[in-house]
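Notes to accompany the following structure.
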Amino acid sequence: MFLRAARRLVLRKPGLRTRGIHNPGDTAHSKGKTAPYTNYHAQRSYPMPDDPFCTELNAEQRALKEKEKGSWTQLSHAEKVALYRLQFHETFAEMNHRSNEWKTVMGCVFFFCGFTALLIWWQRVYVFPEKPITLTDEWKAKQLQRILDMKGNPVQGLASRWDYEKKEWKK
């Protein structure tokens, strides 16, 4: 078995199982240009991503980019926001905004807890057999009385704690 493993290592073809080297901008299998929005990774800890959010621009966005090269005082507020949105996906306020996903998670948790409780109740009613007669209170009382009548374990057991003259437990 060791010889087979060693032979495989020696006869292995190079390049088939080795990992290739690629640039961060390339995709794993193609050397062409990537689709828009694929290499954009903005986080609070790394706010300035290497690639812009939108890589393929339409005619209106290209015109806005040309207008950006001029004086910024001529740009309106909406145009500045549009330029910002071409470069970045979210503002810091939008990144820090809490989502309502916890409500969905808690709803699922409560749903499955309720479903489990319903399943357990159904099993107790329809699946599990009834209690054996030996677990009823009447049977336990009769069994205790039988042990006391037989004076079972009179030195340290139940019979030692029972007063037979007064018919009650010793105090």
Side-chain angles (χ1 to χ4, degrees), residues 1-30 34-55 81 84-85 87-171:
M1 190 156 147
F2 175 74
L3 292 174
R4 266 193 254 156
R7 191 178 305 134
R8 281 188 200 147
L9 286 174
V10 171
L11 297 177
R12 183 171 59 171
K13 293 180 182 178
L16 289 178
R17 293 186 180 104
T18 57
R19 196 178 266 184
I21 299 171
H22 66 280
N23 294 332
D26 294 342
T27 59
H29 301 290
S30 68
T34 60
Y37 316 125
T38 54
N39 293 330
Y40 181 81
H41 299 288
Q43 300 169 350
R44 280 182 281 171
S45 59
Y46 186 66
M48 302 297 241
D50 297 331
D51 298 327
F53 175 64
C54 189
T55 55
V81 170
Y84 181 85
R85 292 294 181 182
Q87 189 68 27
F88 303 105
H89 178 61
E90 296 177 314
T91 63
F92 275 104
E94 291 169 347
M95 279 188 222
N96 293 334
H97 188 269
R98 291 185 176 176
S99 69
N100 289 331
E101 186 178 4
W102 69 273
K103 294 177 185 177
T104 305
V105 171
M106 291 304 293
C108 290
V109 166
F110 288 138
F111 172 77
F112 284 112
C113 286
F115 181 74
T116 303
L118 188 66
L119 186 67
I120 290 171
W121 171 80
W122 179 81
Q123 286 179 345
R124 284 186 181 228
V125 171
Y126 296 106
V127 177
F128 295 149
E130 293 183 21
K131 284 185 179 181
I133 195 167
T134 56
L135 293 178
T136 61
D137 292 334
E138 295 171 4
W139 185 276
K140 289 179 185 178
K142 288 179 184 177
Q143 186 70 20
L144 179 62
Q145 187 61 43
R146 182 170 180 252
I147 291 172
L148 291 175
D149 290 343
M150 292 175 54
K151 295 185 182 178
N153 201 359
V155 178
Q156 291 181 343
L158 284 173
S160 66
R161 298 185 194 118
W162 180 257
D163 190 358
Y164 286 95
E165 295 170 1
K166 296 179 183 176
K167 303 282 186 190
E168 63 183 22
W169 294 105
K170 292 180 182 177
K171 295 179 185 174

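Source: prediction; values computed, not measured.
The shortest non-hydrogen separation linking Pro154 to Ala159 is CA-CB, 3.8 Å. For the residue pair Glu94 and His89, the shortest heavy atom distance occurs at OE1-O, 4.1 Å.
Side-chain atoms of Arg146 and Gln143, non-hydrogen and from C-beta on, do get closer than 4.5 Å to each other.
Considering CZ of Arg124 and CG of Leu119, their distance stands at 12.0 Å, rounded to 0.5 Å. Rounding to the nearest 0.5 angstrom, the gap separating the CD atom in Glu90 from the CG atom in Asn96 is 9.5 Å. Atom CZ of Phe115 sits about 11.0 Å away from atom CD1 of Ile120, to the nearest 0.5 Å.
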Side-chain donor-acceptor pairs under 3.5 Å in residues 164-171, sequence neighbours left out?
unit_1: Tyr164; atom_1: OH; unit_2: Leu148; atom_2: O; d: 2.7
unit_1: Lys170; atom_1: NZ; unit_2: Ser160; atom_2: O; d: 3.2

Can I get a per-line list of side-chain donor-acceptor pairs under 3.5 Å for residues 126-134, giving both atom names and the distance, sequence neighbours left out?
none

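At most 12 non-hydrogen atoms from other residues, nucleotides or ligands lie less than 6.0 angstrom from CD of Glu101. The 12-atom threshold is not exceeded at CG of Asp137, counting heavy atoms of other residues, nucleotides or ligands nearer than 6.0 Å.
Annotation: side chain to side chain donor-acceptor pair (under 3.5 Å) contacts of Arg161 (sequence neighbours excluded): none.
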